[in-house]
Amino acid sequence: MKTVHILKTNEDMTVPKIFCLGKNYAKHAAEMKSEVPRRPVVFMKPSNAIVHDGAKVKIPALTHDMHHETEIFFVIGKEGRNIRREDARSYIAAMGIGLDLTLRDLQNELKSEGNPWLISKGFDGSAPISYAVPSDEVIFDSLELRLSVNGKPRQQGSYRNTIFKIEEVIEFISQLFTLERGDLIFTGTPEGVAQLNPGDRLHAELVGYTSLDVEIV
Ligand code: ZN
């Protein structure tokens, strides 16, 4: 487990688990030539994937095609299992903006072989995160995300366009996994994912709340 600074104002937190959602925006599912899923597509990253605002992330030697995916993440504040969606918000402590860095060439190869895509998504540095904002300071339904690379706009999205909302996701995941304080849930990327190159500077925002700067090396 990794101990990280999640909340600017708070003590350090350990992150037991990182859940991520795939294909949670219809236009991204379309650009991946995938169907919109019937239930949440859930995968995990190990906590070594986390790096903070200001990090430099090295492109692993195994890939020629590392992509950015800009995603809103939620921080679980207390333990729970079999959480009903109407109670789910009380389990959310905070939220922020993160990147689900993906080795697309490797992921496509693994998918076509029917193999797990862990190594294309869970490598060191694959989950840069901003400081998170306490959930009571945030209006959920109007959350907007943005990414620029070297000052040029690359991705933007609205939380209201997610297919599975966080309450439903918490209900679904917690039927199978005990949620623990410090768990993170990444909620998927909107369209516009693209390749990154050494020297690229990424600026991701949860608009009006918090932001994240990462340099690719
Ligand atoms: Zn993603």
With rounding to the nearest 0.5 angstrom, report the [atom1] to [atom2] distance, [X] to [Y].
{"X": "Tyr91", "Y": "Ile76", "atom1": "OH", "atom2": "CD1", "answer": "9.5 Å"}
{"X": "Ile163", "Y": "Arg39", "atom1": "CD1", "atom2": "CZ", "answer": "14.5 Å"}
{"X": "Glu31", "Y": "Lys23", "atom1": "CD", "atom2": "NZ", "answer": "12.5 Å"}
{"X": "Asn161", "Y": "Leu145", "atom1": "CG", "atom2": "CG", "answer": "10.0 Å"}
{"X": "Glu113", "Y": "Asn108", "atom1": "CD", "atom2": "CG", "answer": "11.0 Å"}

Side chain to side chain contact (heavy atoms under 4.5 Å, CB included) between Ile18 and Phe186, worked out:
CA-CA 8 Å; Ile18 306 169; Phe186 278 61; 3.9 Å; yes

Between [X] and [Y], a side-chain donor and acceptor under 3.5 Å:
{"X": "His67", "Y": "Gln195", "value": "no"}
{"X": "His64", "Y": "Asp105", "value": "no"}
{"X": "Thr189", "Y": "Gln155", "value": "yes"}
{"X": "Thr102", "Y": "Gln107", "value": "no"}

Assess whether a salt bridge exists between [X] and [Y], defined as any Lys/Arg side-chain N lying under 4.0 Å from an Asp/Glu carboxylate O.
{"X": "Arg201", "Y": "Asp213", "answer": "no"}
{"X": "Lys45", "Y": "Asp100", "answer": "yes"}
{"X": "Glu191", "Y": "Arg154", "answer": "no"}
{"X": "Glu167", "Y": "Arg89", "answer": "yes"}
{"X": "Asp65", "Y": "Arg104", "answer": "no"}
{"X": "Glu180", "Y": "Lys17", "answer": "yes"}

Heavy-atom count check: over 12 atoms from other residues, nucleotides or ligands less than 6.0 Å from [X] [atom1]?
{"X": "Gln156", "atom1": "CD", "result": "no"}
{"X": "Glu86", "atom1": "CD", "result": "yes"}
{"X": "Lys27", "atom1": "NZ", "result": "no"}

Side-chain donor/acceptor of [X] to backbone N/O of [Y], under 3.5 Å:
{"X": "Thr70", "Y": "Leu147", "answer": "no"}
{"X": "Lys165", "Y": "Thr162", "answer": "yes"}
{"X": "Ser126", "Y": "Lys121", "answer": "yes"}
{"X": "Glu71", "Y": "Gly188", "answer": "yes"}
{"X": "Asn24", "Y": "Thr187", "answer": "yes"}
{"X": "Thr63", "Y": "Pro60", "answer": "no"}

Any chain of hydrophobic side-chain contacts (each under 4.5 Å) joining [X] to [Y]?
{"X": "Ile129", "Y": "Val57", "value": "no"}
{"X": "Leu110", "Y": "Ile59", "value": "yes"}
{"X": "Val193", "Y": "Tyr25", "value": "no"}

Could you walk me through whether Leu21 and Val169 satisfy the side chain to side chain contact (heavy atoms under 4.5 Å, CB included) test, starting with their C-alpha distance in whole Å, then the side-chain angles of each, then the deciding distance to 0.1 Å, before giving a yes or no?
CA-CA 9 Å; Leu21 298 183; Val169 172; 3.6 Å; yes

Verdict with supporting geometry, Glu205 and Thr210, side chain to side chain donor-acceptor pair (under 3.5 Å):
CA-CA 6 Å; Glu205 285 173 77; Thr210 186; over 6 Å; no

Side-chain heavy-atom pair [X], [Y] within 4.5 angstrom cut-off:
{"X": "Lys78", "Y": "Arg181", "result": "no"}
{"X": "Tyr209", "Y": "Ile139", "result": "yes"}
{"X": "Lys56", "Y": "Val217", "result": "yes"}
{"X": "Leu184", "Y": "Val15", "result": "yes"}
{"X": "Val214", "Y": "Leu99", "result": "yes"}
{"X": "Val149", "Y": "Ile216", "result": "no"}
{"X": "Glu79", "Y": "Thr178", "result": "yes"}
{"X": "Ser130", "Y": "Asp53", "result": "no"}

Nearest non-hydrogen partners of Pro16 and Thr14, listed with the distance
CD-O, 3.3 Å

If I compare all heavy atoms of Met95 with all of Leu143, which pair ends up nearest, and what's the gap?
SD-CD1, 3.7 Å

Should the pair Arg81 and Phe177 be classed as cation-pi, given the thresholds of under 6.0 Å to the six-membered ring centre and 45° from the axis?
no

Does the pair Leu196 and Leu101 meet the rule for a side chain to side chain contact (heavy atoms under 4.5 Å, CB included), with working shown?
CA-CA 9 Å; Leu196 292 167; Leu101 295 176; 3.8 Å; yes

Might you work through the ring-ring contact (aromatic ring centres under 6.0 Å, His included) test for Phe74 and Phe140, ending with a clear yes or no?
CA-CA 11 Å; Phe74 291 87; Phe140 279 52; 5.8 Å; yes

Using side chain to side chain contact (heavy atoms under 4.5 Å, CB included), reason through Ile166 and Ile185 one step at a time and then give a plain yes or no.
CA-CA 9 Å; Ile166 188 65; Ile185 302 176; 4.0 Å; yes

Check whether the ring centres of Phe19 and Phe73 lie less than 6.0 Å apart, and answer yes or no.
no

